[in-house]
Trainee: 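One structure follows; several queries about it will come next.
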Amino acid sequence: MVKLIGSNKIKTAVFISGAGSNFKNLVQFSFLNKSPIKICLLVSNDKRAKGLNFADKYKIKKKIYDFNNMKKSESLILKQLKIDKISLICLAGFMKMLSPNFIKRFKGIILNIHPSLLPKYKGLNTHERVLKNKEKYSGCTVHYVSSRLDSGKIILQEKVKILKKDTSSSLKKRILKREHLLYRKAINKLFFSL
Ligand code: GAR
């Protein structure tokens, strides 16, 4: 467990690729007095990611790395993380896989959120596959990042019941709401061992 020293908050970077609702949620969480994190940096691999707008709104430093050359992008990111003294990375809809080298070289903690009950349904098109297989439940998971896709030790997981009328878009929406709560809870668990 990582301990908070005094009232210093954990300097955090969030990585996104798209809409950024989890990023927005983490920023709002970080503004609470009781929150253990301070978000100092937003990283996106896509300059069109909608979530970048939240960085402007909340005046958070944002950096875009296109990952055309993964090695170069990762090495630039590592430099930036050092500059900003980041010790926690929260992946939040970041659709690039970080290399084992990146994971080894970053000395802090890396977390990810995934919209399924891992280890089931790793990867893309989760909701479509869950519905196609007529599962009764889906859910979301916060886990440590390892160098394998959507793997690594699970911190928290929440089940969501699938309704008969669910489409992939209704399921996605319902799970996303739960993701926002789960990410907060997982971070609290990690730093306050709640
Ligand atoms: C979220 O559902 C997140 O769990 C998922 O992408 C979505 C991003 O939404 N992540 C993965 O699938 C990672 N494998 P957001 O941009 O609104 O936060």
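Remember, it's a predicted structure, so these values are computed and weren't measured experimentally. Both counts, for ligands and for their atoms, begin at 1 and track the order of listing.
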Trainee: Between Asn22 and Glu179, is there a side-chain donor-acceptor contact under 3.5 Å, judged purely by atom types and distance?
Mentor: yes
Trainee: What protein heavy atom lies closest to atom 8 (C) of ligand 1? Include the residue and the distance to one decimal.
Mentor: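 Result: Gly93 CA, 3.6 Å.
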Trainee: When you measure from atom 10 (N) of ligand 1 to each heavy atom in Ile113, Ile175, Thr141, which option holds the nearest one?
Mentor: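 It is Ile113 that holds the nearest heavy atom.
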Trainee: Please report the C-alpha distance between Asn45 and Ser17 in whole Å, then the side-chain angles of each, then the deciding distance to 0.1 Å, and finally whether the side-chain hydrogen bond (donor to acceptor under 3.5 Å, both in side chains) criterion is met.
Mentor: CA-CA 6 Å; Asn45 66 302; Ser17 299; 2.7 Å; yes
Trainee: For atom 5 (C) of ligand 1, what is the closest protein heavy atom, and at what distance to 0.1 Å?
Mentor: Pro115 CD, 3.7 Å
Trainee: Look at Lys61 together with Asp84 and state whether they make a salt bridge at an N to O cut-off of under 4.0 Å.
Mentor: yes
Trainee: In terms of residue, atom name and distance, what is the protein heavy atom nearest to atom 17 (O) of ligand 1?
Mentor: Ser21 OG, 2.6 Å
Trainee: Nearest to atom 4 (O) of ligand 1, what protein heavy atom do you find, and at what distance?
Mentor: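 Result for atom 4 (O) of ligand 1: Glu179 OE1, 2.8 Å.
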Trainee: Return the orientation label for the Phe67 and Phe94 ring planes: parallel under 30°, perpendicular over 60°, tilted otherwise.
Mentor: perpendicular
Trainee: Return a yes/no value for His114: is any of its N or O atoms, backbone included, closer than 3.5 angstrom to an N or O of ligand 1?
Mentor: yes
Trainee: Any idea which atoms of ligand 1 are less than 4.0 Å away from a heavy-atom of Met95?
Mentor: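 Selected atoms, number and element: 6 (O), 10 (N), 11 (C), 12 (O).
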Trainee: Is it true that Gln28 and Tyr58 share a donor-acceptor pair across their side chains at a distance under 3.5 Å?
Mentor: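 Gln28 and Tyr58 do have a side-chain donor-acceptor pair below 3.5 Å.
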Trainee: At their closest point, which heavy atom of Arg129 faces which heavy atom of Lys122, and how far apart are they?
Mentor: NH2-O, 2.6 Å
Trainee: So, is Gly20 polar-close to ligand 1, with some N/O to N/O distance under 3.5 Å?
Mentor: yes
Trainee: Does ligand 1 have an atom that lies less than 4.0 angstrom from a heavy atom of Ile16?
Mentor: no
Trainee: At a 4.0 Å threshold, what atoms of ligand 1 neighbour a non-hydrogen atom of Ala19?
Mentor: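 Every atom of ligand 1 under 4.0 Å from some heavy atom of Ala19: 16 (O), 17 (O).
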Trainee: Does the distance from a Lys or Arg side-chain N to an Asp or Glu carboxylate O, for Asp56 and Lys62, drop under 4.0 Å?
Mentor: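 Looking at Asp56 and Lys62, the cut-off is met.
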